[in-house]
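Worksheet for the structure shown next.
Convention: sequence-line order gives letters A, B, ...; per-chain numbering from 1.
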There are 2 protein chains.
Amino acid sequence: MDAADTENTTENAADGTGEPDDSWGEVAPDAARRLLLAAVEAFAERGFHATTTRDIASRAGMSPAALYIHYRTKEELLYQISRVGHERSVRILTEAGNSAVTPADRLAAAVRAFVRWHAERHTTARVVQYELNALAEEHYAEIVALRRRSEEILRGILQDGVAAGDFTVPDVRGTALAVLSLCIDVARWFRSGGTRTPEEIGELYAGLVLRMVGAPAFPAGETAGGEGRGA
Amino acid sequence: MDAADTENTTENAADGTGEPDDSWGEVAPDAARRLLLAAVEAFAERGFHATTTRDIASRAGMSPAALYIHYRTKEELLYQISRVGHERSVRILTEAGNSAVTPADRLAAAVRAFVRWHAERHTTARVVQYELNALAEEHYAEIVALRRRSEEILRGILQDGVAAGDFTVPDVRGTALAVLSLCIDVARWFRSGGTRTPEEIGELYAGLVLRMVGAPAFPAGETAGGEGRGA
DNA sequence: GTCTATACGACGATAGAC
DNA sequence: GTCTATCGTCGTATAGAC
């Protein structure tokens, strides 16, 4: 309970770049961090309900009882993973959405970064995005609020683009949902051994989305590069 | 085991239109059908592993033991749901993909029908698309083959469009995956009480996808109607 | 074909020694 | 803070009467 309260989300703000998978780099005692990492792997592989606390503990090289020194329940592990993951999602979208001036550049940056995170950290992202309904009622409500913020950020960019006459979108709310949905689903199908790198998928998707919203000067996106060209 | 072998997938080929949710209309004895329906609901609500056989049986108005008269294991229920659902997916894509001449019309029809099914039958679709990895090894392999066929159908349409000069797609394989992914994810977020009908979402998505692939004469799709206008 | 009763294992979580 | 041992519960699946 004590150790689980990870306030480290402000550090390492350089976004997902490089390392295997430590968005958890600074979780309180080392044992708590190892348990969290083990839980992420197990939940991603088998799902929350199919994962046993014995499995998590043994992956972390500990006895079944050791888990309960650092976390009150199995669900609390999921909650920590989910909370930190969603906070990171919101931050990625916020920062990318503010990193440029024109709506097209902002949208491209947001999609690029969001997709990249879902591919690069697909193990974490899978748990964050697809194990939501295993959360306790109160925790679920908290997470849903974070998800609504992500939705609003994206909708804001689309609205700005429409207002500026840069995008042509008949249904802003529905399109924002579709874009988010497209990005999130990357976590479901992405595999590490595949032919495309997270960067390539981010670039491909940024192009697809810009065309979806009718951004001009985007008849067929280049396969890589072109940092923020679009409007 | 006997009753579970539903060969009725050839009937009712008019695709998902109307009724609450009986893609299962003709499963052998009535009790087996009720159990299947109960399993779909329970799996969609809580997930496969969180659902107990007691829960399924009681939803069907039966004792816990009754389930095993009609199905050997809980996993066999999931397998039947998954198999029938994936067969239907392939058929929807095949028929819609053959229902028109130009690649743009074919793509629009495929997306429209596929999305509509995922929204209309979102309970079934949720199980079909998101409980895959709870399947036994052999069943999983069979289902993956069906999924590959869906992928190939969509990729075929995109290739035809590129060959005909109607689409501009830098990465056909990646884009086919993205389109499929976009449609599938509808099952995750769709709720029955929402503001949009399955038809409206299908229409919206068909427009978004046509723009994604650079189909000409699609600067901003109309919100509804326009059966197969696009190229 | 459906029931009641139950075998048997595994799971989440705790107790208490070290 | 970590261990071994264990409690109580509930899960899937079966046995046998009706």
Estimate the overall bend of the helix from dG1(C)-dC18(D) to dC18(C)-dG1(D) from the end axes over five pairs each, rounded to 10 degrees. 0°
Is A65(B) touching bases, backbone alone, or none of the nucleic acid, heavy atoms closer than 4.0 Å? base
Working to the nearest 0.5 angstrom, can you tell me the gap between [X] [atom1] and [Y] [atom2]?
X	Y	atom1	atom2	value
Y140(A)	L78(A)	OH	CG	12.5 Å
E76(B)	L67(B)	CD	CG	9.5 Å
R33(B)	D30(B)	CZ	CG	5.0 Å

Look at the side chain of [X] and the backbone N and O of [Y], then say whether any donor-acceptor pair between them is shorter than 3.5 Å.
X	Y	value
T51(A)	A42(A)	yes
R126(A)	A187(A)	yes
S99(A)	A96(A)	yes

Among the candidates [options], find the nucleotide nearest to the side-chain atoms of [X].
X	options	value
S63(B)	dA5(D), dC3(C), dA13(D)	dC3(C)
I69(B)	dA13(D), dA5(D), dG1(C)	dG1(C)
M62(A)	dA5(C), dT2(D), dA5(D)	dT2(D)

Decide yes or no on salt bridge (Lys or Arg N to Asp or Glu O under 4.0 Å) for R83(B) and E87(B), but give the supporting numbers first. CA-CA 6 Å; R83(B) 208 198 79 236; E87(B) 281 167 358; 3.4 Å; yes
Here the residues of residues 44-56 of chain A within 4.0 Å heavy-atom distance, strictly under, of DNA chain D are R54(A)
May I ask you to decide whether D55(A) forms a salt bridge with R46(A), counting only side-chain N to carboxylate O separations under 4.0 Å? yes
Can you check whether Y68(B) has a side-chain N or O nearer than 4.0 Å to OP1 or OP2 of dT14(D)? no
Check the distance between [N]'s [atom2] and [X]'s [atom1] and give it to me in whole angstrom.
X	N	atom1	atom2	result
L67(A)	dT4(D)	CG	P	15 Å
R72(B)	dA13(D)	CZ	C1'	14 Å
D30(A)	dT2(D)	CG	P	9 Å
L77(B)	dA13(D)	CG	C1'	13 Å
K74(A)	dT14(C)	NZ	P	15 Å

Does the plane of the ring in W117(A) sit parallel, tilted or perpendicular to the ring in F114(A)? Use 30° and 60° as the thresholds. parallel
